[in-house]
Amino acid sequence: MPPTDKSEATDIAQSGRSAANRPNGDRQSDDRYEAQRIEAKWSQRWQSDPQLYAAEPHSANKKYYVLEMLPYPSGALHMGHVRNYSIGDALARYMWMNRYNVLHPMGWDSFGLPAENAAIQNNTPPRQWTLGNIAKMKAQMKRLGFAYDWSREVTTCFPEYYRWNQWFFLKLYEKGLAYRKKSKVNWCPQCATVLANEQVLPNGCCWRHEDTPVEQRELEQWFLRITNYADELLRDLEKLPGWPEKVVTMQRNWIGRSEGALVEFKLDYSQPHHGFGPAGASIKVFTTRIDTIYGATSIQLAPEHPIVNDLAAGNPALRAKVDQLIAEQRRAKEKGDIGEIEKHGVPTGRNAINPFNGEKIPIWVANYILMDYGTGAIMSVPAHDDRDYDFAKKYKLEIRLVILPLTEGEETMAEPVLPFTAHDGMTINSGPFSGLSSAEAIKKMTEHAEKGGFGKATVTYRLKDWGISRQRYWGTPIPMLYCEKDGIVAVPEKDLPVILPENIEITLAGGSPLGRVPAFVNVTCPKCGGPVRRETDTMDTFVDSSWYFYRYTDAHNDRAPFDSKIVQYWFPIDQYIGGVEHAILHLIYSRFWTKFMRDMGLVSNDEPVERLFTQGMVIKDGAKMSKSLGNIVSPDEMVARYGADAARLYSLFAAPPDRDLDWQDSGIEGIQRFLGRVYRFVFRNAPRNSEPEKTASVEYTFDKKELSPSARAIQRKLHQTIRRVTDDFQGRWHFNTCISAIMELVNVLYASEDAISQGAVPRAFLIEVQRDLVLLLAPFAPYLAHELWEMLGQKEALLKAPWPKFDPELAKEEELEIPVQINGKLRGKVVVPAGATEELVIERALANEKVRSATASKQIIKKIYVPGKLLNLVVK
RNA sequence: GCCGGGAUGGCGAAAUUGGCAGACGCAGCGGACUUAAAAUCCGCAGGGGCCAAAAGCCCUGUGGGGGUUCGAUUCCCCCUCCCGGCACCA
């Protein structure tokens, strides 16, 4: 069996690489970069100083609040977290080095369904499971070296925190901003709970169970009136120039403001009928195009419109058809392509009266009309609306032209191709309103409707009130009571917090687990002293994350959610960093909460976040990391193999932070090599013990202007690098190119090693260069930076050391290579001194052999010189 | 369908204001060191052609087509594909 030999040889070769077999480990100059050793050493030192990253309560420096979105404690960090926190940590460290008073906290969004699901699966209480996960993830964060002020840690599932959720709820209730209503709600059978509208995926499925279609149920729910702030939430988007345009646009569309008019169409009672609403009943229609009302040839109702029930009562054929339309609509919603639904409708046999001309038009029920937008009813104007046109064609309804396009030569107005939907036309066939521009017609016709008492100008929003009730255990109990005598009673402030009971049985069965805890449910009414039932629903966890960042500023306050004065100092958040998946829900709720707190007088800022940065996803092999695809990269494994610095640096290097990052294990190896190169260079060139006086000195002991060419090359590259890295921190944040720049600097240092060994580079200068190199690296690879800082004999704390200053004089090139183009094509290059005149460049270019051969026998008709960049000769 | 973001070597990417396309890194190839390998250090490297080969030279190239310009990855128009968001929104 010959293969035996081979495998033994392999074993030996492999074991030769392990630390145990290294020759004694005492080679006097072991210049290997050992991330684990270095990181263990500094990790220990950092953890022994809890004040290390603490923000100062009173500081002469300017404040800077940098925040990364707090994680849900699922049990382990993933690469997306590492990327998110590496960005934030780099910024925090950079700001410290720029003498800011930095607030950089971290916490846990620790209420939520996964804890309950885990409880059911593993029979572990949610609290225990959650706290265990927090401990694990906190250890991971510390191992990764993130500079958080842990003294401000916020854990949302602790009563110290959620009591303030309850307190805010009482305030919202007092102000009429929290209300209860019975309504159709999204019900996820898998979660056995209600979802906010915003938590339903476009395909009609639950956001946590992407394959489970959301059903509709009627339940009594608590809602927050976010719509009261719809207009301000929209308007203030203009105050957010530091937000990505993308996110602003998404929020604008989400709020979905549209201006129009409500118009009432009375039911026609002159015809024989059976089964309908009260006499005089009317159908309210919302339209943004009241100028087309003379072209309305039918009314279309959503199949779930209340009046449809009246009209269908005693009309089984209609009822059956309507039920079919409801089913079609639901199916389309669940499939997520309501926009593609094949339009169906059914005439009710009844008419409505157009209040503008008294015309009787038929009432239909149609599957493309949604009950939850506007009034659930439209006037159908086939000539001027795409959908109405399709529908009218299909069912052969009348199509009546009432808007003409404006043509340039005033008089001739051609018949437009239908449907004609442009907003800048002119009315015809519109009675007294004919001959007006659309804009004028809208104004006059709305006024007319208001005077006549059958309509009014209205603004509608797509945004809906925020349903916060959840029939779940692991959340903030809603502090309300139901008394037979006194009705709905708020828990008095002094009785807060309403503590979430522990040691209770959790099952997937519907209804709230809290309802099965009699000691929790049955209490005494604070008003009448009689028996009351406690509300058993808990709050949506988005309540927790809507204001948590305020709590960080005053995390241990037990008399208030926070001290307003402290908040005033720290807010708004200077930089918030997180995934774009939170662009709508979390970020719109947070904005709403801030505005509500401002109206309460608790805070003075209108918006919580000054600048927002949304990072791209971390993907692997072109797909999102997921268990089912088996392409998950574990941060623990990366840290164990390559070290925290390498993992962090690679997550910043592989792509610009705002773009998706395709993780490649081979890429991180290159980063590890680079860190080793830095380590070895400093190891070789750091001051020896025999030259201690230079180690502490920050003074140049050499003449900046008299450096040798090779030293000057280093100096130039250094200052170019400082400029590039510093510029990117000012907002562009392309840390991938910052790191490239630092690599280039290190490459220049390596290329200079001959000159260094020949003494052509002054020692003091070289130490100064290494010092700056380490400072440049510090935001991205803190462990190695600290190790080298110490190796360089620096006594000052690294984060207290000032960020290196860029000197434009020193960054300047002495000579420039100017490309010479002939007719836009590169034909040669000339070298000139920096700042050379155009004449000199042209002179040299014309002397250039390649240029001469390319221009021979041709005439130069134009010379374009871009100073310092390029020369283009146009020839014929 | 609408809104937003993309598409650049074998791969991740760079080019910040319209000015040398491919910096930096990965993978690859060659060399040095080594008995050998690993590690390390140095070098080559978009594609094609002329050439035995090299040097050198030429052509071509940033999803496709057109335009503006002395000059376009960058600006304009049209198209294709990918990602994200939204949607009979009246």
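Within every chain, numbering begins at 1; the chains are lettered A, B, ... in the order of the sequence lines, protein sequences first and strands thereafter. All heavy atoms count here, side chains included; hydrogens, waters and symmetry mates do not. Given the structure is predicted, the values throughout are model-derived calculations rather than measurements.
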As a test of reading the structure: which of [options] is closest to the side chain of [X], going by heavy atoms?
X        : options                : value
A:Phe286 : B:rC41, B:rA90, B:rC86 : B:rA90
A:Met250 : B:rG85, B:rC20, B:rG19 : B:rG85
A:Arg462 : B:rG85, B:rA87, B:rG25 : B:rA87
A:Thr288 : B:rA90, B:rG19, B:rU16 : B:rA90
A:Gln821 : B:rA21, B:rA90, B:rU16 : B:rA21
A:Arg659 : B:rA13, B:rC42, B:rG12 : B:rA13
A:Lys862 : B:rA27, B:rC70, B:rC20 : B:rC70

Nearest whole angstrom, please: distance from the [atom2] of [N] to the [atom1] of [X].
X        : N      : atom1 : atom2 : answer
A:Phe674 : B:rG12 : CZ    : P     : 22 Å
A:Asp728 : B:rC24 : CG    : P     : 17 Å
A:Ile584 : B:rC86 : CD1   : P     : 5 Å
A:Lys246 : B:rC83 : NZ    : C1'   : 10 Å
A:Asn747 : B:rG25 : CG    : P     : 5 Å
A:Leu870 : B:rG18 : CG    : C1'   : 11 Å
A:Ile290 : B:rA90 : CD1   : P     : 15 Å
A:Ile742 : B:rA23 : CD1   : P     : 19 Å

Do you see a donor-acceptor pair shorter than 3.5 Å between the side chains of [X] and [Y]?
X        : Y        : result
A:Asp231 : A:Tyr461 : yes
A:Arg462 : A:Asn253 : no
A:Arg591 : A:Gln251 : yes
A:Gln720 : A:Glu813 : yes
A:Thr427 : A:Asp291 : no

RNA chain B: stems of at least 3 consecutive Watson-Crick or G-U pairs, cut-off 3.5 Å?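 B:1-7 with B:80-86, B:10-12 with B:24-26, B:28-32 with B:40-44, B:46-50 with B:56-60, B:63-67 with B:75-79 - these are the stems of 3 or more pairs that involve RNA chain B.
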Can you check whether A:Arg732 has a side-chain N or O nearer than 4.0 Å to OP1 or OP2 of B:rA15?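 Yes, A:Arg732 has a side-chain N/O under 4.0 Å of OP1/OP2 on B:rA15.
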Write down the distance separating the [atom1] atoms in [N] and [M], rounded off to the nearest Å.
N      : M      : atom1 : answer
B:rA87 : B:rG71 : P     : 47 Å
B:rG65 : B:rG28 : P     : 34 Å
B:rC51 : B:rC70 : C1'   : 35 Å
B:rU62 : B:rG47 : C1'   : 13 Å
B:rU17 : B:rA27 : P     : 33 Å
B:rA72 : B:rC77 : C1'   : 15 Å
B:rA38 : B:rA15 : C1'   : 37 Å
B:rC50 : B:rU35 : C1'   : 45 Å

Taking side chain as C-beta onward, heavy atoms only, is A:Ile226 less than 4.5 Å from A:Ile588?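 They are in contact (side-chain heavy atoms under 4.5 Å apart), so the answer is yes.
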Could you walk me through whether A:Phe653 and A:Phe735 pass the ring-ring contact (aromatic ring centres under 6.0 Å, His included) test, one step at a time? CA-CA 6 Å; A:Phe653 175 70; A:Phe735 296 137; over 10 Å; no
Is the base of B:rC20 touched by the side chain of A:Lys829 through a donor-acceptor pair closer than 3.5 angstrom?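 Per atom types, the contact qualifies.
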Are [X] and [Y] close enough for a salt bridge, meaning some N to O gap below 4.0 Å?
X        : Y        : answer
A:Lys863 : A:Glu838 : no
A:Arg289 : A:Asp385 : no
A:Glu238 : A:Arg252 : no

Base, sugar-phosphate or nothing for [X]? Non-hydrogen atoms, less than 4.0 Å.
X        : result
A:Arg827 : sugar-phosphate
A:Gly670 : sugar-phosphate
A:Val866 : base
A:Asp385 : nothing
A:Asn736 : sugar-phosphate
A:Ile369 : base

Syn or anti for B:rG84, with syn set at within 90° of 0?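 Classified anti.
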Between A:Gln664 and A:Glu817, which residue's closest nucleotide on RNA chain B lies nearer the 5′ terminus?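 Nearest nucleotide further toward 5': that of A:Gln664.
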Starting from the 5' end of RNA chain B, give me the residue, A:Pro656 or A:Met379, whose nearest nucleotide shows up first.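 Final value for this comparison: A:Pro656.
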